[in-house]
Amino acid sequence: MIQEAEVVKSDEDKQKLRESIAEVVRAELSAYSTPKQNNTQMNGDDDKENALEGYERLLQMLDVAQDRHDSMKANDTLEYTQSMMNLGELHYQLGNMGQSQDMFMSVLKQLLENNTDNDGSIMMMVAQSMHSLGSVHARCGEFDEAFRWYEESLRRKNEIIRESSNSESINSYHFELGKTHNALAALQTMRGGMQWREAMSMFQLAERHQLHGHLSDDGDALGMEENVVTKQILEKLTPHHVQSIVNVRFNVGKLLQQHAQYDDAVDTFRDALDLARLDVERMTTDDVKDNGTYAAVGHPSSFERKNAVVELLVQIADCHASAQNFDEAAQAYEEALGYHIFFRRWKGNSDESKGQEASVLPATFSATNIKIDVENATTMEAAIRSNLAHALAHIGQEKLGLEHYEASLKIKRQIGGSDHVEVAHTLMGMGAVYGGPMRDFATALNCFKEALYIYRGKMNELTDEFGLSGSNKFFEDDDTVELDGYIQNAVKNIGLIEAGLLKDREEGIIKKRR
């Protein structure tokens, strides 16, 4: 997916970034999971209903894959090579960039040395390994290296398709080609090597390749109108296939969002959302219960498929908020919050419900009916509630907004502790509401002062040469600059509130004298 990335220049910069990626990935993977699920292992029958999620699920998959690989005799068979590719993919998903790169380089060396008959399936594994190496370098901000690997992967995939006589494999070959077009377009957008409209064309080409075999001669997908994939098409696609197309559309939406094309971005995200919802609606109870713990490496679990729906709704809401359309933003945030909580309890559809025309997912959610469960809450829920509160405050629903700020604050304190920077961010939001439309200057002052105390505490930790350890070892100069900005903003707001309190006192004294 398209993300802002810093171009890494020196070897020292590369090493620092690579070391930090694993921690960042762990935080991202844990955002949708409760802390107790991130810190426990499954033991006995009581835990079978709560399959591992996110980071813990991938750790277990890595352990299983490593044990399976260690049990194999080292040789040049495809089974052994595929096992190495699985390990490389799992290390990538966990943010272990060095291990992932080493594994794919070993795969590539082995395949190139032993493939003497240019077998199409083996050559595709070579191209896939090159694509994966491009992904490693792209995530590390090493754009030039990433570009070279992607370009070579693309060239080889095109060559395989041109020379292939295997009609049964051609659709899967086009799917792989689409993946590399998608990755290359995202990379070129990040590194500034392509105009954004040109990148849009490449993303569209990526989707066309991924839907190869489901397209008519004139290029329109069978059953598709204006890029809407119907249930008829979706039933022919694997979850991995569907999520890849969702990813392409997500990238297009992010590109439009970055260029302030908010209406078009919302439409694109909604196209992706419709597809992600259809994919979730076909999930059965067994899909949810298994949760992909032992699923094929690189294929999405039920957990990830559900989270895609929530993430797309958040992106839609963010676009509306950026366009100052706070009514629409609040509605989308409500829906994202509702689905996030609903999915944590949802057990999937029974086999008997499959094929029904009616949607099995709720159509709407109300912010007033979304209750908080702090013990089972997640960092994603806290983030959505904060954004929802901000949007509600802009449309005159300050009291409801403060309820969501309070809920977010409880969750953040429960998960990260009372001195976490995210706690300070929420306090700043609450202070703005209390000090603005609510005109409760005393409470606003307390919020801003507590936020300032947290910000200064974190700044002291970062600037203390003996404090750069543990969770703080990844902070750099940019983090201190950002924290300084937060501190200045808190000080400014405290000054404004104190001025407001002083003015109220003076006006009160004048009234008494009269």
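As the structure is a prediction and not an experimental result, all values here were calculated from the model.
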List the residues meeting salt bridge (Lys or Arg N to Asp or Glu O under 4.0 Å) with [X], not counting sequence neighbours, and say none if there are none.
X      : answer
Glu381 : Arg385
Glu145 : Lys14
Arg270 : none

[X]: side chain to side chain contact (heavy atoms under 4.5 Å, CB included) partners, not counting sequence neighbours:
X      : answer
Ser135 : Tyr92, His131, Tyr150
Leu501 : Phe441, Leu445, Ile497, Arg505
Gln414 : Val374, Glu375
Gln243 : Val246, Asp279, Pro300, Arg305, Ala308

Check your understanding: With respect to Asn251, which candidate in Thr268, Thr189, Asn182 satisfies the side chain to side chain donor-acceptor pair (under 3.5 Å) definition?
Key ->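 For Asn251, the side chain to side chain donor-acceptor pair (under 3.5 Å) test succeeds with only one of Thr268, Thr189, Asn182, which is Asn182.
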Which atom pairs, one a donor and one an acceptor, fall under 3.5 Å between side chains of residues 428-438 and the rest of the protein, sequence neighbours left out?
none

Exercise for review: Run the salt-bridge test on Lys458 and Glu461 with the 4.0 Å N-O cut-off and return the result as yes or no.
Suggested key: yes
Review point. Can Glu406 and Lys410 be counted as an ion pair, charged N to O under 4.0 angstrom?
Key: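 Not counted as a salt bridge, because no side-chain N and carboxylate O are separated by less than 4.0 Å.
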Review point. Among pairs that include at least one residue of residues 318-329, which meet side-chain hydrogen bond (donor to acceptor under 3.5 Å, both in side chains), considering only residues two or more places apart or in two chains?
Key: Asp318-Tyr333
Regarding [X] and [Y], is there a side-chain donor-to-acceptor distance under 3.5 Å anywhere?
X      : Y      : result
His137 : Glu142 : yes
Glu335 : Gln331 : no
Gln315 : Lys254 : yes
Gln101 : Arg18  : yes

Under the rule for side chain to side chain donor-acceptor pair (under 3.5 Å), what residues qualify as partners of [X], not counting sequence neighbours?
X      : answer
His181 : none
Asp264 : none
Tyr455 : His425

